Number of protein chains: 2
Amino acid sequence: MQQNLTREEKRQQKLDVILRNAAKAFMERGYYKTSLDDIASMQNVTKPTLYYYIKNKEDILVKCEEVTCGRINAMLDEVMAKNISGYEMLYQFIMRYIGIIIDDVARCHVRHRGQMEDEMLRAQSIKNHKDIENRVREIIRRGIGDGSIRNCNSTILAILLFDSLNGLTSWYKADGKVDQNELTDEVLALVGSGVCST
Amino acid sequence: MQQNLTREEKRQQKLDVILRNAAKAFMERGYYKTSLDDIASMQNVTKPTLYYYIKNKEDILVKCEEVTCGRINAMLDEVMAKNISGYEMLYQFIMRYIGIIIDDVARCHVRHRGQMEDEMLRAQSIKNHKDIENRVREIIRRGIGDGSIRNCNSTILAILLFDSLNGLTSWYKADGKVDQNELTDEVLALVGSGVCST
DNA sequence: AAAATATGTTACTATTCGGTAACAATATAA
DNA sequence: TTATATTGTTACCGAATAGTAACATATTTT
């Protein structure tokens, strides 16, 4: 008899719930202060059950990273394919990046990337971010080339940009006092024109 | 017989070394992956000796915070006493803030603030940062008042500013490829005028 | 010199927690 | 129905490590 969902789909859904709950707990209490027992009990299962969905504790971070980097890169694919100026690309990237990282799984990734204990995983994590950073640098260089962005050190600018954007993850709550549109406007205004009134 | 240094001075020096070494290790390996035995062996002492200088592991974070916030507030006292425009104040704050947080103890504080397990300590840590943030907001408001800073949401601007400045701590190494002066120039240019070429 | 204080060590406890082995139940397919 | 794969549980192990008690040594003060 055919179910609504296949086994594989149900399995994927459960994994998603684990990631979301774990990510939330990691952000609230911290990675080391959140035990696998804590995470398991959020799902109303026991710890060994988790090991059917994840390899080990660190694997949760890896999976959060895969999901998030996948989204960011897909977004970059779209934005960079458009026939617009470098500045407009950067503008759109920022707008949509904020939309992506306001999510527990993404916030968890941002906060823990490059901190895996396993050396291979750590290297891969660092590379994943560097790749994204390089794509944004490419946008900045295009903007400098087409004259829409002030001549500057694209490396430093890209990093500063990510610092302020990723910093959002540690204080911005989607349901908080600050409206997402107002936040996005302020970020875009600051990045675009700075603070000077002149 | 009078020594070069009094007991109290020697004690303070040893505490400083402990804080510096611990902060460095926390930044390199992470707080939870650095044991008190690790820290002790850097001093060529044993773990119980540390407890003569610190109350417990968390107290290291508290002491790093006290040192760093003390420095920042003293700097703000100076800068805010000057008879200059709000924008110039902000400019000087940024320049000197970068100078302060390029230091292992300060970096350790930035990375771990508000993450103490003890509730009282955590609340105090959050308050310490909020106080500093409020002083910077005051600078921004003054700038808006005297017309030197574009009209904007001072709360969001202050946070974004701290995000990008504090973000430096996670990648900038004083002995690395990027020169501190060039970095400061780029930050000031970005905050001042943004990325637009027009 | 003797007393008091500061600084250090060795040896140990208690607890937390990631991970696993062995076993039980349930759903799917033949 | 029977066989098989999947999903779950209970009970346990081993390692790491924050913190302490008891004891030893050095340094300053009286």
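Predicted model only: the values in this text are computed from it and were never measured.
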**Study point:** Short side-chain N/O contact to C:dT20 OP1/OP2 from A:Tyr51, under 4.0 Å
**Key:** no
Point to revise | Side-chain heavy-atom pair B:Ile60, B:Ile39 within 4.5 angstrom cut-off | key: yes
Review point. With a 4.0 Å cut-off on heavy atoms, is B:Thr46 in touch with a base, just the backbone sugar-phosphate, or nothing at all?
Key: base
Exercise for review: Starting from C1' on C:dT5, measure out to NZ on B:Lys10 and report it in whole angstrom.
Suggested key: 14 Å
Check your understanding: Can you tell which of C:dG18, D:dT20, C:dT20 lies closest to the side chain of B:Pro48?
Key -> D:dT20
Study note, to complete from the structure: A:Thr49 has its side chain closest, among D:dT17, C:dG8, D:dT9, to D:dT9
Check your understanding: How close or far is atom P of C:dG18 from atom CG of A:Asp59, stated in whole angstroms?
Key -> 14 Å
Review point. When the distance from CD1 of B:Ile54 to C1' of D:dT20 is rounded to whole Å, what number comes out?
Key: 14 Å
Check your understanding: Donor-acceptor pair, B:Asn21 side chain versus B:Ile18 backbone, under 3.5 Å?
Key -> no
Review point. Going by atom types only, do B:Arg135 and B:Asn73 share a side-chain donor-acceptor pair under 3.5 Å?
Key: yes
Check your understanding: Which whole-number value in Å describes the distance from A:Arg29 CZ to C:dC17 C1'?
Key -> 14 Å
Practice item. Measure from CG on B:Asp37 to P on D:dT20 and round the result to the nearest Å. Key: 15 Å
Practice item. Look at the side-chain N and O atoms of A:Lys14 and state whether any lies under 4.0 Å from the OP1 or OP2 oxygen of D:dG8. Key: yes
Review point. For B:Leu36 and D:dA18, what is the distance between atoms CG and P respectively, to the nearest whole Å?
Key: 4 Å
Check your understanding: Below 3.5 Å, does any donor atom in the side chain of B:Lys57 face an acceptor in the base of D:dG19, or the other way round?
Key -> no
Check your understanding: Between atom OH in B:Tyr52 and atom P in D:dT25, what is the gap in whole Å?
Key -> 18 Å
Point to revise | Flag, side chain of A:Tyr97 to backbone of A:Met75, donor-acceptor distance under 3.5 Å | key: no
Practice item. Tell me whether the OP1 or OP2 atom of D:dG8 has a side-chain N or O from A:Tyr53 closer than 4.0 Å. Key: yes
Check your understanding: Got a sec: does the NZ of A:Lys55 have more than 12 other heavy atoms crowding it under 6.0 Å?
Key -> no
Check your understanding: In whole angstrom, what separates A:Glu9's CD from D:dT6's P?
Key -> 16 Å
Check your understanding: Do any side-chain nitrogens or oxygens of B:Arg11 fall under 4.0 Å of OP1 or OP2 in C:dT7?
Key -> yes
